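Report on the structure given below.
Read the numbers this way: they start at 1 and go in the same order the structure lists the ligands and their atoms. Numbers here simply count residues along the sequence, with the first being 1. Predicted model, so just to flag it, every value in this text is computed and none were measured.
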Amino acid sequence: MKKRGKFITFEGSEGAGKTTQINLLKEFLSARNIEVITTREPGGTPLAEKLREIIKHFQGSEIVSDKTELLLMEAARIQHVQNVIEVALNDGKWVICDRFYDSTTAYQGYGRKMDLDFIRQLNAFAVGETVPDLTIYFDLPLEQGFERTRKRYADKEVFDRFESQKIDFYRRIEQGFKDIVRNNNERVKLIDASLSIEEVHQQICRLVNEQF
Ligand SMILES: Nc1ncnc2c1ncn2[C@@H]1O[C@H](COP(=O)(O)OP(=O)(O)O)[C@@H](O)[C@H]1O
Ligand SMILES: [Mg+2]
């Protein structure tokens with residue numbers, strides 16, 4: 001049987017640099033002959049991507065309950081873990097995932113003020129044993145993240161449901177991620193995402209090197 005791969009998740013606000021750094025880390029690992037797949041949440045399977053589309057872009061007069069959003073997130077996660085992440089890890093591949101269950105704790109728990117203990121149980125139910133070996137939290141002042149993503153939306157009329165929320169919501173999420181880092185200090189590592197792309201990459205490589 002192949003040696004199980006490592007599971008690394010990237011967390012942090014929009015614009016923090018996750019996608020940029022996932023691509024660099026993938027190159028770094030591939031150059032070391034490590035087979036690696038990159039994926040994202042919500043999403044990562046055909047069904048989960050459909051749920052992502054509903055979660056992020058559902059429009060119409062029907063109010064989408066926060067509870068519905070939470071369960072759709074977890075349903076997407078179950079599909080993703082079972083059909084993609086577990087399969088790859090068992091096949092010896094490394095998995096780098098753009099957001100994972102810490103985002104549910106931060107956005108639905110802290111951001112939407114839903115019961116944190118219930119979310120912890122739901123997350124555990126969804127992922128089972130498939131807990132990340134390493135989670136990297138991109139620490140960046142909110143204003144800098146907004147500034148970096150401004151260009152992304154310059155030609156779009158509407159932000160999606162998450163991006164149009166108010167600043168207090170984002171402050172609570174930021175606080176949530178800080179609590180998550182503090183409460184899971186073995187698994188979750190904070191990096192300074194305000195530095196240059198190359199400097200951030202170096203911080204990530206140092207953390208990932210401990211996984212070999
Ligand atoms: N360290 C950095 N310094 C300055 N700009 C950055 C840095 N990392 C990424 N960017 C830029 O900021 C924007 C958002 O980066 P991205 O990787 O898409 O963030 P995320 O995936 O976390 O939303 C992109 O335009 C990207 O080129
Ligand atoms: Mg991204």
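Considering both main-chain and side-chain atoms, Q21 never comes within under 3.5 Å of ligand 1 through any nitrogen or oxygen pair. Of the polar atoms of V200, none of the N or O atoms is found under 3.5 Å from an N or O of ligand 1, judged by distance alone. Any N or O atom pair closer than 3.5 Å counts here, and T20 shares at least one such pair with ligand 1.
For the pair S103 (side chain) and R99 (backbone), a donor-acceptor distance under 3.5 Å is absent. Between the side chain of D91 and the backbone N or O of K93, no donor-acceptor pair lies under 3.5 Å. For the pair N185 (side chain) and V181 (backbone), a donor-acceptor distance under 3.5 Å is absent.
Ligand 1 lies nowhere less than 4.0 angstrom from a heavy atom belonging to G12.
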Go through V127 and R77 one step at a time and tell me if the side chain to side chain contact (heavy atoms under 4.5 Å, CB included) criterion holds.
-> CA-CA 7 Å; V127 311; R77 179 162 300 130; 3.7 Å; yes
Stepwise, does the side chain to side chain contact (heavy atoms under 4.5 Å, CB included) test hold for F100 with F7?
-> CA-CA 11 Å; F100 196 58; F7 181 26; 3.7 Å; yes
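Near S13, meaning under 4.0 Å from any of its heavy atoms, are these atoms of ligand 1: 22 (O). Atoms of ligand 1 lying under 4.0 Å from at least one heavy atom of E14, given by number and element, are 23 (O).
F28 and F212 have tilted rings, their planes meeting at an angle from 30° to 60° on a 0 to 90° scale.
A salt bridge links R4 and E86; the closest N-O separation between the charged side-chain nitrogens and carboxylate oxygens is under 4.0 Å. Using a cut-off of 4.0 Å between Lys/Arg side-chain N and Asp/Glu carboxylate O, R187 and D133 are scored as not salt-bridged. Ion pairing between E35 and K3 fails under the 4.0 Å rule for side-chain N and carboxylate O. A salt bridge links R40 with E49: the closest approach of a Lys/Arg side-chain nitrogen to an acidic carboxylate oxygen falls below 4.0 angstrom.
Regarding atom 19 (O) of ligand 1, its nearest protein heavy-atom neighbour is G17 N, 3.0 Å. At the shortest separation from atom 18 (O) of ligand 1 among protein heavy atoms lies R152 NH2, 2.7 Å. Of the protein's non-hydrogen atoms, R148 NE, 3.5 Å is the one closest to atom 5 (N) of ligand 1.
If you look at S196 next to ligand 1, the close heavy atoms, those under 4.0 Å, all belong to the backbone.
Protein N/O/S atoms closer to the Mg ion (ligand 2) than 2.8 Å number 1 in this structure.
Here atom 8 (N) of ligand 1 lies nearest to I197 when heavy atoms of I197, D192, T19, L195 are compared.
The CE atom of M73 sits 9.0 Å away from the OH atom of Y107 when rounded to the nearest 0.5 Å.
There is no protein heavy atom less than 4.0 angstrom from atom 24 (C) of ligand 1.
Side chains of Q203 and E199: no donor on one and acceptor on the other come within 3.5 Å.
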